[in-house]
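Just so it is clear, the model here is predicted, and its values are computed rather than measured. All values below come from the heavy atoms of this structure, side chains included, with hydrogens, waters and symmetry mates left out.
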Amino acid sequence: MKRRHLLQLGLGAALPPQLWAASSDAPRLLVVFLRGAYDAANLLVPTASSFYYEARPNIAIAKTAALPLDTNWGLAPALADTIHPLWLKNQAAFVPFAGTNDVSRSHFETQDHIELGQPDEGARDFRSGFMNRLAGVLGAGGVTSSRLEAMAFTDQVPLILRGDLPVANQALRDLGKPAISAAQAQVIADMYAHTRLAGVVRGGFEVRDEVSREMAGEMEAASRGAIAAKGFALEARRVARLMRERVMLGFIDVGGWDTHVGQGGATGQLANRLGELGKGLALFADEMGPQWNNTVVVVVSEFGRTFRENGNRGTDHGHGSAYWVLGGGVKGGRIAGEQVEVKAATMFQNRDYPVLNEYRAVFGGLMRRMYGLNDAQLATVFPGASARDLGLA
């Protein structure tokens, strides 16, 4: 009975010893998952590759339109006013040829693979996501000094944060009737009043109520045309305030990246979505204030897309992608990780970017730098993987 109620709240079943105390300058990590597999080649544009322009006669971004990053790469012009300024301040880096070894090209299969962070071979434990295991290693996951240390900004707790530790979730876009009424919330809180989970349950409901009140006010403003209440930008400011004040580990997902038809190039469907995402991330950075220097944002997607455009001027399910790493303390202004010349001969299965920078290795190297984790701790977060230090933080 207790377990069922905790799952509705997005809370786990056990609270570990506190290994690191939440403090105002503690590192913050936000993982942004682009569900639907965004087209990395029209975000991080391989401007030095003639093959790119041959393979995409209708949707390639012209070299003159791309924002130059180095001699081989450019950035989508839709991010000119948002992410590119972070790049110029060395607060943004990109890791091309990144992803998982999963070759199913199934959205659900690969999303699960990444969120769980478990070995490629063998049975999977769907009760254990890698961010929950990270919270366990760090001793996070509860409420201490009014600080909720791990949270999913989603309508349900995603796989990445499921596990033994209590984790709250809040659907930032859901202003309808809550799944749990105030009376039900009080009953559940009373159930745990004198247990070690009392603070977790109470804190989860407090954050839910706080967010709902604030969002209701902004929705009223939106009726007057307030742009701050639209799209990802609204969510990003809300997430930033919670992470600045209460949350150490955060997760949010953004959908709508499955561009099989009419993808566009420098302008169009994908460019519009990248523009919205970039605006949200820039607003997040601004809203974090001085805490931006202690924050790392990693943007990932389940896989990339086919390098060649299809007959509908879109792209299909691919393999390798490109990750974004943003933050005030990030060693940015560079393209990181193992790379290969972009040409027909280097395509994976003659169709996709290869994966040269395996996601667990990339995250592991980043976590070692952020938190000083040792090999045993990293093995708990990513069993069977070897961390690869790309010098990102």
Side-chain angles (χ1 to χ4, degrees), residues 3-16 22 27-36 108 111-117 125-138 140-143 147-175 178-180 185 188 197 199-212 214-215 232 234-255 277 280-281 284 295-302 363 367 381:
R3 179 65 177 173
R4 182 175 64 195
H5 282 305
L6 286 170
L7 287 175
Q8 288 176 339
L9 285 168
L11 304 174
L15 185 63
R28 273 81 165 162
L29 173 64
L30 175 67
V31 175
V32 181
F33 203 121
L34 307 185
R35 297 197 188 276
F108 305 114
Q111 286 176 18
D112 291 353
H113 192 118
I114 290 177
E115 291 186 65
L116 293 174
D125 182 356
F126 284 85
R127 300 165 298 178
S128 180
F130 83 76
M131 285 190 73
N132 193 288
R133 297 194 298 274
L134 173 63
V137 167
L138 297 175
V143 178
R147 191 176 300 281
L148 193 64
E149 293 177 350
M151 187 170 189
F153 304 101
T154 54
D155 59 353
Q156 297 181 11
V157 177
L159 284 181
I160 199 169
L161 274 167
R162 291 184 189 175
D164 292 333
L165 297 189
V167 175
N169 69 291
Q170 170 64 53
L172 298 177
R173 289 169 291 186
D174 184 6
L175 294 177
I180 299 175
I188 296 171
L197 293 177
V200 175
V201 174
R202 184 177 62 255
F205 283 129
E206 286 175 356
V207 171
R208 185 195 68 167
D209 293 342
E210 175 186 327
V211 172
S212 296
E214 292 182 2
M215 287 195 68
F232 178 71
L234 169 63
E235 297 190 35
R237 282 205 180 276
R238 180 75 57 227
V239 171
R241 283 196 281 274
L242 287 169
M243 293 201 67
R244 187 182 66 209
E245 299 166 4
R246 303 188 66 165
V247 178
M248 302 291 101
L249 298 175
F251 175 87
I252 189 169
D253 48 14
V254 182
L277 177 66
L281 292 170
F284 175 89
T295 302
V296 174
V297 179
V298 183
V299 181
V300 305
S301 198
E302 61 261 41
F363 269 104
M367 290 171 184
V381 181

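Side chain of E302 to backbone of G36: a donor-acceptor contact under 3.5 angstrom is found. Remark: the backbone N or O of G163 is not paired with any side-chain donor or acceptor of R127 at under 3.5 angstrom. Side-chain N or O atoms of R237 include none that pairs as donor or acceptor with a backbone N or O of F284 at under 3.5 Å.
M151 has its side chain out of reach of F251: every pair of non-hydrogen atoms, C-beta onward, lies at least 4.5 Å apart. In this structure the side chain of L30 never reaches within 4.5 angstrom of the side chain of V296, judged on heavy atoms. Looking at heavy atoms from C-beta onward, V298 lies in side-chain contact with L29 at the 4.5 angstrom threshold. With a 4.5 Å cut-off on side-chain heavy atoms, V32 and V254 count as touching.
For the atom pair CZ of F153 and CG of L161, the computed distance is 10.0 Å after rounding to the nearest 0.5 Å. Here N132 contributes atom CG and L116 contributes atom CG; the two are 11.0 Å apart, rounded to the nearest 0.5 Å. Note that the OG1 atom of T295 and the CE atom of M248 stand 8.5 Å from one another [nearest 0.5 Å].
For the residue pair S128/R162, the side-chain donor-acceptor check at 3.5 Å is not satisfied.
Shown here for N169 and T154, the closest heavy-atom pair between the two residues is ND2-O, 3.1 Å. Listed here is the closest heavy atom pair of A135 and L165: C-CD1, 3.3 Å. When every heavy atom of G280 is checked against every heavy atom of A236, the shortest pair comes out as O-CB, 2.9 Å. Nearest heavy-atom pair across V31 and M131 is CG2-SD, 3.7 Å. Summarising the geometry of V381 relative to M367, their closest heavy-atom pair is CG1-SD, 4.0 Å, with the distance given to 0.1 Å. The nearest pair of heavy atoms linking M243 to G250 is CE-N, 3.8 Å.
Stacking of R35 on the aromatic ring of F33 is recorded, both the 6.0 Å distance cut-off and the 45° axial limit being met.
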**OP:** Show your reasoning for whether side-chain contact (heavy atoms from CB on, under 4.5 Å) applies to I252 and E235.
**Re:** CA-CA 9 Å; I252 189 169; E235 297 190 35; 3.4 Å; yes

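Taking the six-membered ring where the residue is Trp, the centroids of F130 and F363 are separated by under 6.0 Å.
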